[in-house]
Novice: 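One structure, pasted below without further comment.
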Amino acid sequence: MAQIILILLAMIVIGAAIYITRYKGKGKPKVGIKRDNNSEYFKDYINLKLYWTSLGFIFVGISLLLVIVVLELVNV
């Protein structure tokens, strides 16, 4: 059980670190802007995926930790 909790805490820390270092204060990355170079569309797509992945790590980690806490309280 401790390993699962450590993995979930690591997910939350990784997601929060990505979000804070790259997107805090800037908001969601812009997508669909006309670009001259096709590789810039790929960079926009990668930034958007990284944004949603960081938020997903935070959400999944917190929600699963809450589930574990509730299950442990019910088991007691």
Side-chain angles (χ1 to χ4, degrees):
M1 184 62 75
Q3 293 173 344
I4 294 173
I5 293 172
L6 288 176
I7 290 171
L8 293 175
L9 289 173
M11 280 180 60
I12 294 170
V13 168
I14 290 169
I18 292 171
Y19 182 79
I20 289 170
T21 57
R22 293 191 59 137
Y23 304 112
K24 187 172 183 178
K26 297 178 187 174
K28 189 172 106 174
K30 304 290 185 215
V31 189
I33 300 171
K34 278 290 204 191
R35 303 286 187 181
D36 294 332
N37 193 353
N38 285 337
S39 66
E40 292 178 10
Y41 286 114
F42 183 70
K43 289 178 186 175
D44 289 344
Y45 176 73
I46 292 297
N47 280 333
L48 186 65
K49 291 297 265 185
L50 185 62
Y51 175 79
W52 286 115
T53 302
S54 66
L55 291 181
F57 271 20
I58 295 169
F59 176 75
V60 168
I62 290 173
S63 61
L64 289 178
L65 277 177
L66 289 175
V67 167
I68 289 172
V69 167
V70 168
L71 287 176
E72 286 296 321
L73 289 176
V74 169
N75 250 351
V76 171

Novice: By side-chain contact (heavy atoms from CB on, under 4.5 Å), which residues pair with Arg22, not counting sequence neighbours?
Specialist: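 Residues passing side-chain contact (heavy atoms from CB on, under 4.5 Å) with Arg22: Asn47, Leu50.
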Novice: Does Ile20 share a hydrophobic cluster with Val13, counting links as ILVMFWY side-chain heavy atoms below 4.5 Å and allowing steps through other members?
Specialist: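 Different clusters.
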Novice: Does atom CZ of Phe42 have more than 12 heavy-atom neighbours, drawn from other residues, nucleotides or ligands, at distances under 6.0 Å?
Specialist: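 No, CZ of Phe42 has 12 or fewer neighbouring heavy atoms, counting only those of other groups under 6.0 Å.
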Novice: Where do Glu40 and Tyr45 land on the side chain to side chain contact (heavy atoms under 4.5 Å, CB included) test, with the steps shown first?
Specialist: CA-CA 9 Å; Glu40 292 178 10; Tyr45 176 73; over 6 Å; no
Novice: Output every pair passing ring pair (Phe, Tyr, Trp, His ring centres under 6.0 Å) with a member in residues 13-34, not counting sequence neighbours, ordered by first then second residue.
Specialist: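 Ring pair (Phe, Tyr, Trp, His ring centres under 6.0 Å) check on residues 13-34 returns Tyr23-Tyr51.
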Novice: Taking the hydrophobic residues Ile, Leu, Val, Met, Phe, Trp and Tyr, and joining any pair whose side-chain heavy atoms are under 4.5 Å apart, which ones share a cluster with Ile7?
Specialist: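 Ile7 clusters with nothing; isolated.
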Novice: Under the side chain to side chain donor-acceptor pair (under 3.5 Å) rule, collect the residues that match up with Ser39, sequence neighbours excluded.
Specialist: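 Result, side chain to side chain donor-acceptor pair (under 3.5 Å) vs Ser39: Asn37.
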Novice: Report all side-chain donor-acceptor pairs from residues 59-75 shorter than 3.5 Å, counting only partners two or more places apart or in another chain.
Specialist:
residue, atom, partner, partner atom, Å
Ser63, OG, Phe59, O, 2.9
Ser63, OG, Val60, O, 3.1

Novice: Got a sec, which residues hit side-chain contact (heavy atoms from CB on, under 4.5 Å) with Ile14, two or more places apart in sequence or on another chain?
Specialist: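 Checked Ile14 against side-chain contact (heavy atoms from CB on, under 4.5 Å); matches are Ile18, Phe57.
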